[in-house]
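Report on one structure; see the data block that follows.
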Amino acid sequence: MADRRPPEVDRAAASRRAVEMRRARAALKSALKAGRLDPRQLVDAALGDPGSPAGSLRVTDFLLSLPAMGQTKADQALDELGISWRKRVGGLGAVQAVRLRAFLEARDARRAARLGIRRSRLVVLAGPTAVGKGTVAGYIRRNHPDVLLSVSATTREPRPGEVDGVDYYFVSDAEFDRMIRDGELLEWATVHGAHRYGTPRKPVEDALAAGRSVLLEIDLQGARSVRRAMPGALLVFLAPPSWDELVRRLTKRGTEDPVEQGRRLETAKVELAAEGEFDHVVVNRDVGEAAQQVVDLMDAR
Ligand code: 5GP
């Protein structure tokens with residue numbers, strides 16, 4: 001009969017790897033316990049690489065490593081989140097991951113409120129074209145001057161009434177290339193297959209360091225890049241009340257010719273499908289209401 005056991009040498013290597021993984025997991029748990037590692041960062045790392053030490057950590061062990069979390073609270077949390085105690089963080093489904101992130105956010109907000117800490121945070125507002133991101137962001141700029149609304153750089157031409165340095169930094173292709181080369185952009189993307197848009201890194205980092213919250217009004221690709229670069233960012237999806245309403249808003253705006261409108265509607269279909277990747281969804285029925293909801297999410301302190 002064939003011997004199915006792996007050769008001795010392989011078994012030794014496998015057990016060495018298992019020991020290393022256990023050690024790495026133990027290090028992660030003590031970093032969480034000591035507050036040196038943001039649990040949201042661990043979740044992002046785990047989901048990004050399920051085979052890593054973070055990914056192979058059981059959700060129960062993860063929860064039990066959070067400060068002030070005992071067995072009873074952990075069991076209760078697993079129950080509420082609909083996650084089995086056997087589940088590993090890297091093996092969470094998309095819905096479970098969203099729920100776990102929201103749970104961690106809420107915990108952090110409660111802790112900050114208890115300690116009277118004002119949390120600065122990076123919030124990304126994304127959503128399909130013409131949904132009214134710009135209007136909602138503008139409303140927040142006027143009514144909440146404590147929040148920094150990041151001004152993007154773009155290679156597109158200014159529209160009538162747009163002001164350089166306020167609406168965008170309008171730059172040439174060569175200047176945009178230079179900004180990328182010099183690492184000045186936190187993220188950038190070619191939007192609607194036409195022009196490039198990017199978020200200048202320094203004002204964002206300076207504002208966060210000074211304890212201010214920052215709002216980025218960017219496209220979906222940008223939102224994904226920010227999530228990778230800054231896992232603690234809160235991603236908010238601004239959704240239209242309906243598809244017909246979205247089409248109406250895009251055609252009414254009248255700033256794009258029919259070809260450009262068609263191109264933007266095609267992008268919008270793809271963008272709408274990404275709603276599930278976001279931490280929160282805000283429906284833009286009324287600008288003031290939607291803006292308030294975004295500010296409330298920002299302010300969940
Ligand atoms: P518009 O040309 O209508 O001003 O903007 C087109 C799209 O570019 C919008 O969806 C807007 O959210 C996106 N956008 C604006 N600034 C940035 C940015 O800095 N980065 C990315 N990735 N997208 C941006």
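Just so you know, ligand 1 is whichever comes first in the structure, and atom 1 is the first atom listed for that ligand. We number each residue from 1, following the sequence as shown.
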Exercise for the section: For Leu246 and Ala268, work out which heavy atoms get closest and say how close. Expected result: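 Heavy-atom minimum between the residues: CD2-CB, 3.9 Å.
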Quiz item: When you look at CZ of Arg23, are more than 12 heavy atoms from neighbouring residues, nucleotides or ligands closer to it than 6.0 Å?
Solution: no
- Message: Please tell me whether Val59 and Leu57 are part of a single hydrophobic cluster in this structure, the criterion being side-chain heavy atoms less than 4.5 Å apart.
- Response: yes
Check this for me: does any side-chain nitrogen of one of Arg201 and Asp182 sit under 4.0 Å from a carboxylate oxygen of the other?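 Here Arg201 does not pair with Asp182 in a salt bridge, since their nearest N and O are not under 4.0 Å apart.
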*Answer yes or no: is there an ion pair linking Glu184 with Arg178, defined by an N-O contact shorter than 4.0 Å?*
yes
Sorted by chain and residue number, the residues with a non-hydrogen atom under 4.0 Å of ligand 1 are Lys133, Ser152, Arg156, Arg159, Tyr168, Glu187, Ala189, Val191, Tyr197, Gly198, Thr199, Glu217, Ile218, Asp219, Gly222, Arg264
Spatial distance of atom OH (Tyr139) from atom CG (Leu149) [nearest 0.5 Å]: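 Those atoms lie 15.0 Å apart.
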